[in-house]
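I am attaching a structure below and will ask some questions about it afterwards.
Side-chain atoms are counted along with the backbone in the values below, which use heavy atoms only and exclude waters and symmetry mates.
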Amino acid sequence: MSRHGFISMAVIRRLPRYYRYLHEMYLSGIKQISSRELADCMELTASQVRQDFNCFGDFGQQGCGYDVEHLHLEITKILGFDQNYGLIMIGVGRIGGSLLENFGFERRGFRLLAAFDSDPAVIGQTIGGVTVSAASEIGQVMSGLPKPDIGILTVPTEAAAAGAELLKKCGVKAIWNFTKADLARFEASTLIQNVHLSDSLTTLCYRLTDLENKMYDAR
C-alpha cells in the first residue's frame with residue numbers, strides 16, 4: 001500500500017484515528033474536508049496530514065481538499081478492513097466476553113469464526129453471535145471452518161504460551177494479545193500486537209503529572 005516503502009510507526013498509529021474521523025464524517029453525510037479541518041480534528045498541522053496521506057497516494061485536490069467517501073475507502077483499504085479477515089478467540093472470560101459482545105467485529109469488516117474456552121460454565125454459551133467451544137476440541141472445530149488469519153488471546157497470563165501455540169497450530173498469521181505474557185518467541189513466525197490496558201492509564205498519569213508540574217512552574 002505504501003508508495004515510498006518504509007512508513008514510520010507514528011504515521012501507522014495515526015491511521016486508525018483518521019479512519020474513525022472519516023467514518024463519522026461519511027455517516028454524517030459530509031462530502032468534502034480540507035487538510036486544515038482534518039488537522040484540527042486530529043490536533044495536527046495541515047502539513048502533517050498531507051505528508052501522512054502522501055505516504056500512500058495522492059488523495060486530495062489542491063483547493064478542493066479531500067472527498068470524504070473516497071478517502072474513507074482508501075484508508076479502509078490501507079488498514080486492511082476490506083480483506084474480511086477471519087478471527088478466532090481463545091479465552092472467553094471478562095475481557096474476551098466483553099469483546100465478543102461489544103467490539104462489533106462483523107461491523108468492522110472481520111469474520112468471527114469461533115471462540116474457545118476451558119471453563120464448563122462458558123462452553124456452549126452463545127456470546128456476541130458465536131457459540132463458545134471447548135479449547136480441547138479446537139482442532140476438530142477448526143477442521144470444518146476456514147483458516148483463520150488472526151487469533152485473539154484473552155486467557156490468564158499463565159496460559160498465554162499454550163494459547164499462542166494453539167493459535168499457531170490453527171494457522172493464524174497474527175495474534176492480538178491481551179495477556180501480560182511476553183510472546184516474543186512467537187514473533188519470528190507470527191505478528192504480535194500486545195494490548196496492555198494499564199499502559200494507557202500509566203501514560204495518562206504521566207501526562208497529568210507533567211501538566212500539573214507545568215502549571216505549578218507557571219505560578
| Hey, is the main chain of Arg94 close enough, under 3.5 Å, to the side chain of Ser98 for a donor-acceptor pair? | no

### Message
As a quick check of understanding, evaluate side chain to side chain contact (heavy atoms under 4.5 Å, CB included) for Val49 and Tyr18, giving each step before the final call.
### Response
CA-CA 9 Å; Val49 169; Tyr18 284 124; 3.7 Å; yes

Whether Tyr85 side chain and Ile150 backbone form a donor-acceptor pair below 3.5 Å
no

Rounded to the nearest 0.5 Å, what's the gap from CD on Glu212 to CZ on Arg207? Could you check?
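If we round to the nearest 0.5 Å, Glu212:CD and Arg207:CZ are 13.0 Å apart.
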
**Item:** Residue pair Ser47 / Gln51, side-chain donor-acceptor N/O under 3.5 Å
**Value:** yes

Any chance you could lay out the side chain to side chain contact (heavy atoms under 4.5 Å, CB included) test for Met142 and Ile138, step after step, and finish with the verdict?
CA-CA 6 Å; Met142 293 310 301; Ile138 190 169; 3.9 Å; yes

Exercise. Is Asp67 salt-bridged to Lys31, going by a charged N under 4.0 Å from an acidic O?
Worked result: no

To the nearest 0.5 angstrom, please state how far the SG atom of Cys55 sits from the CZ atom of Arg50.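 Interatomic distance, Cys55 SG to Arg50 CZ, rounded to 0.5 Å: 13.5 Å.
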
message: Taking OH in Tyr19 as the centre, count heavy atoms belonging to other residues, nucleotides or ligands within less than 6.0 Å. Is the count above 12?
response: yes

Sidechain-backbone polar pair: Asn177 side chain, Ala181 backbone, donor-acceptor under 3.5 Å: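 Indeed, once roles are kept as given, a pair shorter than 3.5 Å links the two residues.
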
For this session: Could you go through the side chain to side chain contact (heavy atoms under 4.5 Å, CB included) check for Lys173 and Thr190 one step at a time?
Result: CA-CA 5 Å; Lys173 304 168 195 157; Thr190 309; 5.9 Å; no

Partner of Met89 under side chain to side chain contact (heavy atoms under 4.5 Å, CB included), picked from Asp117, Leu99, Leu113, Val132, is Leu99

Original post:
Salt bridge between Glu165 and Arg185, side-chain N to carboxylate O under 4.0 Å?
Top reply: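 A salt bridge links Glu165 with Arg185.
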
Which heavy atom in Thr154 sits nearest to a heavy atom in Ile95, and how many Å separate them?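 Of all heavy-atom pairs spanning Thr154 and Ile95, the closest is CG2-CG2, 3.9 Å.
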
When rounded to the nearest 0.5 Å, the distance separating CD1 of Ile90 from OG of Ser118 is 10.0 Å

**Request:** May I ask you to say whether Lys77 pairs ionically with Asp82, meaning some side-chain N is under 4.0 Å from a carboxylate O?
**Result:** no

Does Val92 share a hydrophobic cluster with Ile88, counting links as ILVMFWY side-chain heavy atoms below 4.5 Å and allowing steps through other members? no

**Asked** Which heavy atom of Asn84 sits nearest a heavy atom of Phe110, and at what distance?
**Response**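 Scanning both residues completely, I find the closest heavy atoms to be ND2-C, 4.3 Å.
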
Review point. Less than 4.5 Å apart, any side-chain heavy atom of Tyr26 and any of Leu71?
Key: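 No, side chains not in contact.
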
| query | Taking side chain as C-beta onward, heavy atoms only, is Asp149 less than 4.5 Å from Val172? | reply |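 Sidechains of Val172 and Asp149: no contact.
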
CD1 of Ile175 to CZ of Phe186, rounded to nearest 0.5 Å, is 6.5 Å

Is the CD atom of Gln48 crowded by more than 12 outside heavy atoms at less than 6.0 Å? yes

**Study point:** Closest non-hydrogen atom pair between Leu112 and Glu106, with its separation
**Key:**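 Reported closest heavy-atom pair: N-OE2, 3.1 Å.
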
- [ ] Determine, step by step, whether Phe116 and Val141 satisfy the side chain to side chain contact (heavy atoms under 4.5 Å, CB included) criterion, reporting the C-alpha distance in whole Å, the side-chain angles of both residues, the deciding distance to 0.1 Å, and the verdict.
- [x] CA-CA 10 Å; Phe116 301 90; Val141 173; 3.8 Å; yes

(Q) Side-chain heavy atoms nearer than 4.5 Å, only ILVMFWY residues, links allowed to pass through others: does that put Ile7 and Ile75 together? (A)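 Yes, Ile7 and Ile75 fall within the same hydrophobic cluster.
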
Exercise. Kindly confirm or rule out a cation-pi arrangement of Arg108 over Phe103, judged by NZ or CZ under 6.0 Å from the six-membered ring centre and within 45° of its axis?
Key: yes

Please say yes or no: joined through hydrophobic side-chain contacts below 4.5 Å, possibly via intermediate residues, are Leu191 and Met9 part of one cluster? no

Legend entry - Same apolar cluster: Val122 and Leu87, side chain cutoff 4.5 Å: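 Yes, it is one cluster - the side chains of Val122 and Leu87 are joined through contacts under 4.5 Å.
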
Whether Asp210 side chain and Tyr206 backbone form a donor-acceptor pair below 3.5 Å: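 Checked: no pair found.
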
Q) Does Trp176 offer a backbone N or O that forms a donor-acceptor pair with the side chain of Gln193 under 3.5 Å? A)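 Checking the backbone N and O of Trp176 against the side chain of Gln193, no donor-acceptor pair under 3.5 Å is found.
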
Q. Taking all non-hydrogen atoms of both residues, which atom of Ala114 and which atom of Leu145 are closest, and how far apart?
A.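 Reported closest heavy-atom pair: CB-CD1, 3.9 Å.
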
Output for pair (Ser34 OG, Tyr66 OH), nearest 0.5 Å, gives 9.0 Å

Establish whether Val195 and Leu204 are linked, either directly or via other cluster members, by ILVMFWY side-chain heavy-atom contacts under 4.5 Å.
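The answer is no; the residues belong to distinct hydrophobic clusters.
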
May I ask you to test the Ser35-Leu38 pair for a side-chain heavy-atom distance under 4.5 Å?
no

Side-chain touch Leu201/Thr203, heavy atoms, less than 4.5 angstrom
no

If we ignore hydrogens and angles and just use 3.5 Å, is the side chain of Arg17 paired with the main-chain N or O of Met42 as donor and acceptor?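 Checking the backbone N and O of Met42 against the side chain of Arg17, a donor-acceptor pair under 3.5 Å is found.
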
Quick one: does Val155's side chain get under 4.5 Å of Thr179's, heavy atoms only?
->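 With C-beta onward as the side chain, the pair touches.
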
To the nearest 0.5 Å, atom CG of Asn194 lies from atom CD of Glu187 at 7.0 Å

